[in-house]
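Notes to accompany the following structure.
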Protein chains: 4
Amino acid sequence: MEKGDKPADKRGAILDAALRLIAERGFHNTPVSMIADVSGVSAGIIYHYFDSKDELILELYRTVKLDMLQSMTDGYSNDLSYRGRFDLLWVNAIRHVISHPDAAAFLEQFESSSYMEPTLPEDCVAEIDLVMGFFADGVAAGVLKDLPTPVLLSLSIGVAASLVKQHLAETLVLDDDLSAAAADACWDAIST
Amino acid sequence: MEKGDKPADKRGAILDAALRLIAERGFHNTPVSMIADVSGVSAGIIYHYFDSKDELILELYRTVKLDMLQSMTDGYSNDLSYRGRFDLLWVNAIRHVISHPDAAAFLEQFESSSYMEPTLPEDCVAEIDLVMGFFADGVAAGVLKDLPTPVLLSLSIGVAASLVKQHLAETLVLDDDLSAAAADACWDAIST
Amino acid sequence: MEKGDKPADKRGAILDAALRLIAERGFHNTPVSMIADVSGVSAGIIYHYFDSKDELILELYRTVKLDMLQSMTDGYSNDLSYRGRFDLLWVNAIRHVISHPDAAAFLEQFESSSYMEPTLPEDCVAEIDLVMGFFADGVAAGVLKDLPTPVLLSLSIGVAASLVKQHLAETLVLDDDLSAAAADACWDAIST
Amino acid sequence: MEKGDKPADKRGAILDAALRLIAERGFHNTPVSMIADVSGVSAGIIYHYFDSKDELILELYRTVKLDMLQSMTDGYSNDLSYRGRFDLLWVNAIRHVISHPDAAAFLEQFESSSYMEPTLPEDCVAEIDLVMGFFADGVAAGVLKDLPTPVLLSLSIGVAASLVKQHLAETLVLDDDLSAAAADACWDAIST
DNA sequence: AATGAATGAGCCTTCATTCAT
DNA sequence: TATGAATGAAGGCTCATTCAT
C-alpha cells in the first residue's frame, strides 16, 4: 500500500469521506457505517486500516493539521522582513482555510472537543518550529512585543482563525481588502 | 427531605450536573442517566422539566450565556472613557471565565458544534447591544479603527477567549499582569 | 358518589375521555396521563376510582357493552312476530352503533384484542338472555334454521356489525334502504 | 451453524416468531427483544431486515394476507357454477384459517387496529380481483342479489371469518357439517 | 378526594466492533 | 484484503403507578 497505486487507495478514500462527513455532521452523527458507504468500502475493512473509530479520527486530525501547517508555511523564508513573514503566514493561513472549509470545520470541532490530545502531531514539528521561531526571533529582535509566544499566536493566527470561522458561517465577508486590514490591526497588536 | 438544602430545586440541580458533566465529557459522552445520577434524581423526571436532552442543553446554553454576558457588562457605563470601557469588559470577561471554567468549556463546545442555533438567547439582547454599541460608538468617535464590528470583536474579546482557553488547558499562565499586557496589545489592534 | 350530583362525577368524565381517546388512538397510544388531561382531573386520582389502567378499560367495556345491549333490545316484545323482533333488533343495533361510533370503535378494538375476557359483563345477563332467547325460540318454533345460536348470531347481528364497521370506515354508505335490504338478506340466511 | 436446518433464513425466522408472539400477546405486548429471543437472533439484526418494528409488522401483514388470499382462491375457476365457486372460496377460507390460527388472530388484530393501512398489499391484486369479480359477475348474471359487493362480502366471507373466530375462541365447534350448513345459509343470504 | 412531581422498569433503536466467508 | 451479516451494550424516552402534600 501507500505505493501510489490508485486502485487500492481505500485508506485515502476513507479519510476523505470521514473529513467531509464529520465536518458537516459532527463526530457523533457520523457512524462508521456511513463513512464506509460514502467512501465505497465495507464497514469491516475500516478496521483493517484503523484500530477504531477514534483512531481514524485522530489520524484524520494529524493529516489535516499537517496539511494546514504546510500550506501556511509555504514560501516562508528568513530573507523576508518580519512584516513580510507575518503577511505570508497570514495570507497562506487564510487562503488555505477558505479553500478547505471542511478541514477548517473539522479542526475547529476537534480542537474544541475532548478528542483533543494536547500534543501536536509529530510530523508537524518542522512547521511548528518555524512558526514559533518567527515569534521568538521577532521578540528577540525587538520587532515584536515581549509577550509569551502563545499570546502572540492568539493575537495573530488566532484572530485569523476567528475571522475565517465567521466567514464560513457567513456572518462576515472576508475579502482580500478586509483580510489585509485585519492583518494590519494584528500587526499593531504584536509589533512594538 | 434534605431539609437544610435548597428547597428541592431539582431543575437547578439537573442543570448544574449537566454543566459539570458536559464540560468534562462532552454532550455525547454524557447520558441523561448520568445527569440524573449526579443530580440525584431519577432519569424520568428530567423529561418533566425538559422536553428532550437537546432542549435541556439548549436551556443550559441560554442560562450560561446570559450569566456570562451579565458578568462581562457588570459596571459598564458610558461615563467611562473608551479605554476604560474596554478594560472593564476585558477584565470582567477574563475573571468570569477563569472562575467558571465549566461554563467556559461548555460554551466553547456548544458554539463549535451543530447544536449552535445561530441566534443568541433573547434574554441577552440588552447585554449584546451594549457590547456591540461600544464598538459602533468607538468607530463613530474615531477612537477605534473603522473595521466591521465582528472583526473588532475577534481582535479583542476573541483574543481574551483564546487566552483563557489556553489558561484552562494549562498551556499558559494568565495572571493579572499578563492579562493587562494582552489587553494593551488588543487595544493597539483596535484603536486608531 | 354515584349520587347523581354533577359536580363530582369525575368517574364518568374519566370513562368518557377514555372512550373517546381509546376509540381514536388505541389502548396503547392512550396514556393514563392523557385521559387525565382530557377529563380534567389529575393522573393520580384515576387510581382512586380504578385499580389500574387495565381495570379502567375493563370497566369501560362493561359500561359500553351494556349500553349497546340495552339500546338493541329497547322495545323488544314477544308480542311481535319473529320477523318483527328480528327487524327491531337489527334496526336498534344499527342505529345505536351509527350514533355511537366511538363506542363501536372501542368495542371492536377491545373484542379483537387480548384484553377480551371471554365472559360477558354480568349486568347484561337479561339482555343477553333476551337475544339468545329469540334465536332459541325461533329454532324451536321452526321459524329459524336449526343452527347453533352463535352461528345464527354471526349470520345476523354479526353481519350488522360488519356493515356498520364499513360505514364508519366510509367504505360503504349504509342508509335506511340498504340497511333494510341487508336485513332481508340476513333473514333469508337464518329463516327456514 | 445448525447445519440441517434451513440455511439461516433469519428474516423468515423473525417473521415467524413475530406472527406467533403477536397473535398471542398483541403488538404492544411483544417487544422487539422478545421477537429476537424467540427467533434466535440478536435484537440489533432485526433492524437490518426491517426499518422499524412497525415496518416489520406491516411486512408481516402483507405476507400473511397474501398467503390467506392465495389459499382462499386456490383452484378457483370460472368453469365452476356460481354455487361451486362460492363453496370453493368458503371451504378454502375456513380450512386455511383453521389450520393457521395465528395468522387469523394476527389479521383480526391488525385489521381492527390503527396499524391498518386502508390499502391492501399490492401483491394481492389478482386474488382480490378474482373474489370481487365473483360477486360482480354473480350479480350481473342475476344469480346473486343486487347488493353492493361489500355487503355481499359481509354476508358470506364475513360470516365465515366470524365463525372461525368463534371456533378459535372455543365458543363453537366448527366441523365440516356445520361449516357446510353455514355455507348453505350464507348462500340463501346472497343468492336471489 | 385531589394533585402532580417523582420513580423506575422497559421499550425501540443505534452503532462500534467482530467474524465467518 | 474485503464483505456485510451479526452482535450486544448503551442510550433516549415513555408511561403506569406511587406518594408526599
Of E:dT3, E:dT7, F:dG8, the nucleotide closest to the side chain of D:Ser42 is F:dG8
Working to the nearest 0.5 angstrom, can you tell me the gap between D:Ile46 CD1 and D:Asp51 CG? 13.0 Å
With sequence neighbours excluded, residues passing side-chain contact (heavy atoms from CB on, under 4.5 Å) with C:Asp102: C:Leu19, C:Arg20, C:Ala23
Between C1' on E:dA16 and CE on A:Met34, what's the gap in Å once rounded to a whole number? 14 Å
Specify the separation, in whole Å, of atom CD1 of D:Ile22 and atom P of E:dC11. 14 Å
Would you mind reading off the distance between D:Phe50 atom CZ and E:dT13 atom P, rounded to a whole angstrom? 13 Å
What residues form a side-chain contact (heavy atoms from CB on, under 4.5 Å) with A:Ser33, not counting sequence neighbours? A:Pro31
Would you indicate, yes or no, if E:dA6 has its OP1 or OP2 atom less than 4.0 angstrom from a side-chain nitrogen or oxygen of B:His48? no
Residue list, side-chain contact (heavy atoms from CB on, under 4.5 Å) with B:Gln70, at least two apart or on another chain: B:Leu66, B:Glu127
Could you tell me how far apart A:Ile14 (CD1) and E:dA16 (P) are, to the nearest whole angstrom? 14 Å
DNA chain E in dot-bracket, Watson-Crick or G-U pairs under 3.5 Å, [ ] crossing, | other strand? .||||||||||||||||||||
Determine, for nucleotides 11-16 of chain F in 5'-to-3' order, which nucleotides have protein heavy atoms under 4.0 Å from the base (write B), from only the sugar-phosphate (write S), or from neither (write -). SSBBSS
Do any side-chain nitrogens or oxygens of A:Tyr49 fall under 4.0 Å of OP1 or OP2 in F:dT1? no
With D:Lys53 via side chain to side chain donor-acceptor pair (under 3.5 Å) - residues at least two apart: none
Set of residues satisfying side chain to side chain donor-acceptor pair (under 3.5 Å) with respect to A:Asp54, sequence neighbours excluded: A:Tyr115
side-chain contact (heavy atoms from CB on, under 4.5 Å) partners for C:Asp37, two or more places apart: none
Mind calculating the distance between CD (A:Glu55) and P (E:dT17) to the nearest angstrom? 11 Å
Contact check, side chains of B:Ile14 and B:Arg11, non-hydrogen atoms, under 4.5 Å: no
Here the distance between atom C1' of E:dC19 and atom CD1 of A:Ile46, to the nearest Å, is 16 Å
When rounded to whole Å, the NZ to P distance for the pair B:Lys10 and F:dA20 reads 12 Å
Could you give the CD1-to-C1' distance, from D:Ile57 to E:dC11, as a whole number of Å? 13 Å
Exercise answer: donor-acceptor pairs, residues 105-112 of chain D side-chain atoms, under 3.5 Å, sequence neighbours excluded:
residue, atom, partner, partner atom, Å
D:Glu108, OE2, C:Ser112, OG, 2.8
D:Glu108, OE2, D:Lys165, NZ, 3.0
D:Gln109, OE1, D:Phe27, N, 3.0
D:Gln109, NE2, D:Ile22, O, 3.2
D:Glu111, OE2, D:Tyr61, OH, 2.9
D:Glu111, OE2, D:Lys65, NZ, 2.8
D:Ser112, OG, C:Glu108, OE2, 2.8
D:Ser112, OG, C:Ser112, OG, 3.1
D:Ser112, OG, D:Glu108, O, 2.9

